[in-house]
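Here the structure comes first, spelled out in structure tokens, and everything after it is commentary.
All chains are named by letter (A, B, ...) in the order of the sequence lines, taking the proteins before the strands, and each is independently numbered beginning at 1.
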There are 2 protein chains.
Amino acid sequence: MRARRGFRQSTLTLADVAKEAGVSEITVSRVIRARGSVAEETRRRVQTAISKIGYVPNRIAGSLASAGSDLIGVIIPSLGNIVFPDVLRGLHDAISERGFRAVVSVTDYRLESERELVRSLLSWRPAALIVTGCEHEPDTRQMLVNAGLTIVEVMDADGEAIDIAIGMSHARAGRETAAFLLARGYRRFGYIGHDLARDLRACKRRETFTSTVREAGASFAGEVVTPGRSSVPSGRSALAELLTAHGDIDAVYFSNDDMAIGGVFHCMAEGIAIPDKLAIVGFNGLAMGQALPQPLTTILTPRFDIGFRAGLAVIARFDGLEVPRLTDVGFTLLPGATA
Amino acid sequence: MRARRGFRQSTLTLADVAKEAGVSEITVSRVIRARGSVAEETRRRVQTAISKIGYVPNRIAGSLASAGSDLIGVIIPSLGNIVFPDVLRGLHDAISERGFRAVVSVTDYRLESERELVRSLLSWRPAALIVTGCEHEPDTRQMLVNAGLTIVEVMDADGEAIDIAIGMSHARAGRETAAFLLARGYRRFGYIGHDLARDLRACKRRETFTSTVREAGASFAGEVVTPGRSSVPSGRSALAELLTAHGDIDAVYFSNDDMAIGGVFHCMAEGIAIPDKLAIVGFNGLAMGQALPQPLTTILTPRFDIGFRAGLAVIARFDGLEVPRLTDVGFTLLPGATA
DNA sequence: AGTGAAAATGTTAGCGCTGTCAGAACATTC
DNA sequence: GAATGTTCTGACAGCGCTAACATTTTCACT
């Protein structure tokens with residue numbers, strides 16, 4: 001695993017700087033890490049030497065010697081939808097000033113690959129590991145528990161935290177969406193979702209949505225679940241399909257805003273009046289949905305905030321502070337104009 | 001930087017496994033890395049020992065010893081728009097099977113922070129560094145050159161590659177968009193963009209677009225450039241503003257699809273006929289734009305593909321293969337129905 | 001049984017840095 | 001001037017692993 005292509009091999013070490021500056025290695029190390037006391041003049045001399053020879057510290061060696069890295073492992077299910085990049089953005093904003101770096105891995109919603117990624121990231125002895133949701137395979141969970149480092153589970157507040165959980169209740173989101181629609185007088189519901197077996201949080205929302213609808217005595221007429229990841233086009237075609245099978249539906253709950261916006265586009269193209277003929281509700285509160293001619297009725301999830309708080313939690317732990325085990329950041333129902 | 005909270009301190013080392021399995025450390029190391037020859041029976045014994053005591057390898061030590069890591073540093077300008085997550089997704093798909101991990105950092109379109117991030121990521125002795133665009137501050141560029149490792153510049157094919165560049169010509173994209181609109185008979189153009197001082201590639205597209213328009217003798221009537229990052233809502237309000245000032249414009253070039261979709265929504269809401277009264281053109285070819293009732297006229301950029309090729313290039317280099325210095329992946333003009 | 005080559009395993013010496021402790025230099029107090 | 005403290009600097013060991021070489025075992029083939 002040695003780098004090729006090197007002229008001026010970047011194998012400069014502390015020793016080279018030390019020689020150049022006429023001090024010992026440890027003094028150079030102290031200057032670089034701004035730790036311990038170094039005379040102002042010495043410091044300057046070392047700084048000069050560093051930039052003169054173009055020394056780049058080797059954090060791998062540093063981390064090994066000090067038994068800790070400033071890497072934060074992040075495991076998210078997908079990058080195909082702006083939701084997780086938003087979380088990542090919040091996290092990044094919180095941690096980068098402190099010099100932490102995110103090592104990102106994607107599971108594509110497969111819990112099996114989560115296990116491998118946890119194992120792999122753990123081997124970098126990160127300062128913390130951030131994982132998505134509270135559902136994990138038993139041995140993955142065990143690994144996380146045993147790892148003995150800060151673990152933050154984001155996006156979900158319905159489960160039992162391994163260490164720290166920051167998220168929202170998807171069960172409640174599904175219930176409140178149903179309650180909202182029932183209060184508006186809708187009675188014949190449909191559901192459109194993407195691959196449910198994998199997106200466990202969408203699945204939870206669907207569960208509580210349908211059970212709330214049924215408990216209220218309204219009818220749950222039918223659903224279409226598309227096989228792949230969520231997207232605007234698949235939401236659009238799924239609604240076409242659903243309406244063909246169940247023309248009498250008066251409100252459709254979509255697994256998220258991408259899908260719901262697709263539904264809105266279908267209605268626009270077919271001249272279906274929203275919300276008089278059909279109500280549409282999404283989930284996430286994407287900016288795009290709110291910019292539609294009729295703002296989308298949806299639930300705004302504080303994704304950036306979740307990522308940001310996760311970052312703050314890691315830092316707080318690092319600084320030896322107490323961090324609450326569970327933070328429910330809540331959500332906001334945006335009434336919009338589509339329901 | 002030592003982890004807290006640890007029961008069962010994860011300070012298990014190769015030595016512990018070796019003792020448990022009754023072999024030497026190096027044999028355990030060989031089993032873990034699947035390198036060198038180890039008898040089947042020994043291998044099994046080591047595997048058992050590993051899972052029995054719950055050993056997690058320490059890649060920091062491993063990387064130090066073997067002078068190379070399987071980390072790939074990635075520096076992108078933003079996570080606020082699906083474009084870069086798409087690149088990241090392609091990269092991830094290409095590299096994760098080979099065990100490489102992406103360390104992601106975001107510049108927020110500031111070249112100064114790029115310098116700091118390069119320095120910081122370089123200190124992890126990554127296998128490669130992936131940066132966005134070909135514009136860098138001189139000393140950043142120098143650092144990259146001196147680093148002596150694989151450097152991939154993505155998204156842009158207009159500049160001189162430091163090592164490897166994979167992207168497309170934004171200059172050509174601007175020109176072809178203008179040519180397309182001119183061929184369709186549009187004559188009075190407007191431009192709507194987001195913070196140009198920062199997004200250098202959007203800036204380049206705007207330059208060639210306007211110069212092509214002017215060279216053809218058509219008029220460039222006006223533009224609105226919003227201060228923040230691009231988004232659907234700001235595209236929507238920017239178009240309202242532009243049309244107030246220049247009601248006679250017949251075609252608007254947007255800095256990207258997010259902004260353009262906002263423009264479409266404005267027209268929908270105001271009853272402005274597209275494309276008869278106003279033509280709208282975007283850039284990126286987001287799925288959402290193509291799912292609009294009238295598909296957006298835009299340029300499809302192969303973002304996933306760029307990320308994927310970047311990953312393949314890193315792997316090829318790693319395997320000692322030749323990689324072309326510059327790969328222009330091109331783009332596709334999607335005629336759509338909005339122009 | 002004897003040979004050589006290949007397979008399997010082990011020994012040794014670091015990778016580049018930081019924690020720890022010790023010592024030198026300098027200032028301050030009695 | 002001695003005692004004390006404070007700031008600054010350095011020597012040394014070792015973090016956990018792997019490259020390189022050395023050695024032992026295995027085994028096909030004379």
Side-chain angles (χ1 to χ4, degrees), chain A residues 1-3 6 9-46 49-50 53-71 120 122-126, chain B residues 1-3 6 9-47 49-50 53-71 99 122-127:
Chain A
M1 289 228 182
R2 173 165 285 290
Q9 281 281 17
S10 191
T11 27
L12 289 171
T13 70
L14 276 187
D16 298 301
V17 181
K19 199 178 300 170
E20 177 72 28
V23 295
S24 70
E25 298 183 30
I26 189 69
T27 299
V28 179
S29 171
R30 282 196 267 253
V31 170
I32 288 169
R33 290 178 298 149
R35 195 160 309 182
S37 53
V38 177
E40 190 46 41
E41 200 257 317
T42 311
R43 180 189 312 282
R44 241 192 309 273
R45 204 143 37 86
V46 170
I50 287 174
I53 69 176
Y55 169 72
V56 177
N58 184 333
R59 264 193 205 290
I60 291 179
S63 294
L64 180 61
S66 65
S69 81
D70 53 11
L71 296 175
S120 161
L122 241 28
S123 75
W124 278 104
R125 299 291 187 267
Chain B
M1 291 224 179
R2 172 166 285 291
Q9 281 282 17
S10 193
T11 28
L12 289 171
T13 71
L14 275 187
D16 297 301
V17 181
K19 198 179 301 171
E20 177 72 29
V23 295
S24 71
E25 297 183 30
I26 188 71
T27 300
V28 178
S29 172
R30 282 196 267 252
V31 170
I32 288 168
R33 292 177 298 147
R35 195 159 310 180
S37 53
V38 178
E40 191 47 40
E41 199 255 319
T42 311
R43 179 187 313 279
R44 242 193 306 274
R45 205 142 38 87
V46 171
Q47 294 285 19
I50 287 173
I53 69 176
Y55 169 73
V56 177
N58 184 333
R59 265 194 205 290
I60 292 181
S63 295
L64 180 61
S66 64
S69 81
D70 52 12
L71 296 176
L122 239 30
S123 76
W124 279 103
R125 299 290 187 269

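In this structure, a donor-acceptor pair under 3.5 Å is present between the side chains of B/Ser24 and B/Thr27.
Rounded to whole Å, the distance from CZ on A/Arg35 to P on D/dG10 is 19 Å. Distance A/Leu12 CG to C/dG16 P: 10 Å, rounded to the nearest Å. Look at CZ on B/Arg43: it is 9 Å from P on C/dA8, rounded to the nearest Å. B/Arg30 has its CZ atom 11 Å from the P atom of C/dT11, to the nearest Å. Following rounding to the nearest Å, A/Glu41 (CD) and C/dC26 (C1') show an atom-to-atom distance of 16 Å. Regarding B/Glu40, its CD atom lies at a distance of 11 Å from the P atom of C/dT9, rounded to whole Å. Atom CH2 in A/Trp124 sits about 15 Å away from atom C1' in D/dC15, given to the nearest Å. When the C1' atom of C/dC17 is taken as reference, atom CZ of B/Arg125 falls 11 Å away, rounded to whole Å.
Qualifying salt bridge (charged side-chain N to carboxylate O under 4.0 Å, His left out) partners for B/Arg44, counting only residues two or more places apart in sequence or in other chains: B/Glu40.
In terms of phosphate contacts, B/Ser29 brings no side-chain nitrogen or oxygen within less than 4.0 Å of OP1 or OP2 of D/dC17. Taking side-chain N and O atoms only, B/Thr27 has a distance below 4.0 Å to OP1 or OP2 of C/dG10. Taking 4.0 angstrom as the limit, B/Ser24 places none of its side-chain polar atoms (N or O) nearer than this to OP1 or OP2 of C/dT9. Taking side-chain N and O atoms only, B/Thr42 has a distance below 4.0 Å to OP1 or OP2 of C/dT9.
Here the side chain of A/Ala65 is nearest to one of D/dA11, C/dC15, D/dC15, namely D/dC15. Comparing atom distances between the B/Asn58 side chain and each of C/dT18, D/dC17, D/dA20 picks out D/dC17 as nearest. Checking D/dC17, D/dT9, C/dA8 against every side-chain atom of B/Tyr55, the shortest atom distance belongs to D/dC17. Minimum atom distance to the side chain of B/Leu64 is reached by C/dC15, of the listed D/dT18, C/dC15, D/dG10. Taking every side-chain heavy atom of A/Glu25 into account, C/dC17 is the closest of C/dT9, C/dC17, D/dT7. For A/Ile26, the side-chain atoms get nearest to C/dT18 when compared with the rest of C/dC17, D/dC17, C/dT18.
Formation of a donor-acceptor pair under 3.5 Å by the B/Thr42 side chain with backbone atoms of B/Val38 is not found in this model. Checked by atom type and distance alone, the side chain of A/Ser63 pairs as donor or acceptor with a backbone atom of A/Arg59 at under 3.5 Å. In this structure, the side chain of B/Ser29 does not engage the main chain of B/Glu25 through any donor-acceptor pair within 3.5 Å. Formation of a donor-acceptor pair under 3.5 Å by the B/Arg45 side chain with backbone atoms of B/Ala21 is found in this model.
Nearer the 5' end of DNA chain C, as judged by each residue's closest nucleotide, is the contact made by B/Arg45, out of B/Arg45 and A/Ser63.
Here B/Arg33 lies in heavy-atom contact (under 4.0 Å) with sugar-phosphate atoms only. Counting any heavy atom pair closer than 4.0 Å across all strands shown, B/Thr13 reaches sugar-phosphate atoms only and no base atom.
The distance from the CD1 atom of B/Ile50 to the CG atom of B/Leu12 is 11.0 Å, given to the nearest 0.5 Å.
Between A/Ile60 and B/Ser69, the closest side-chain pair of non-hydrogen atoms falls below 4.5 Å.
In this structure, the helix from C/dA1-D/dT30 to C/dC30-D/dG1 shows an angle of 30° between the axis at its start and the axis at its end, each fitted on 5 base pairs and rounded to 10°.
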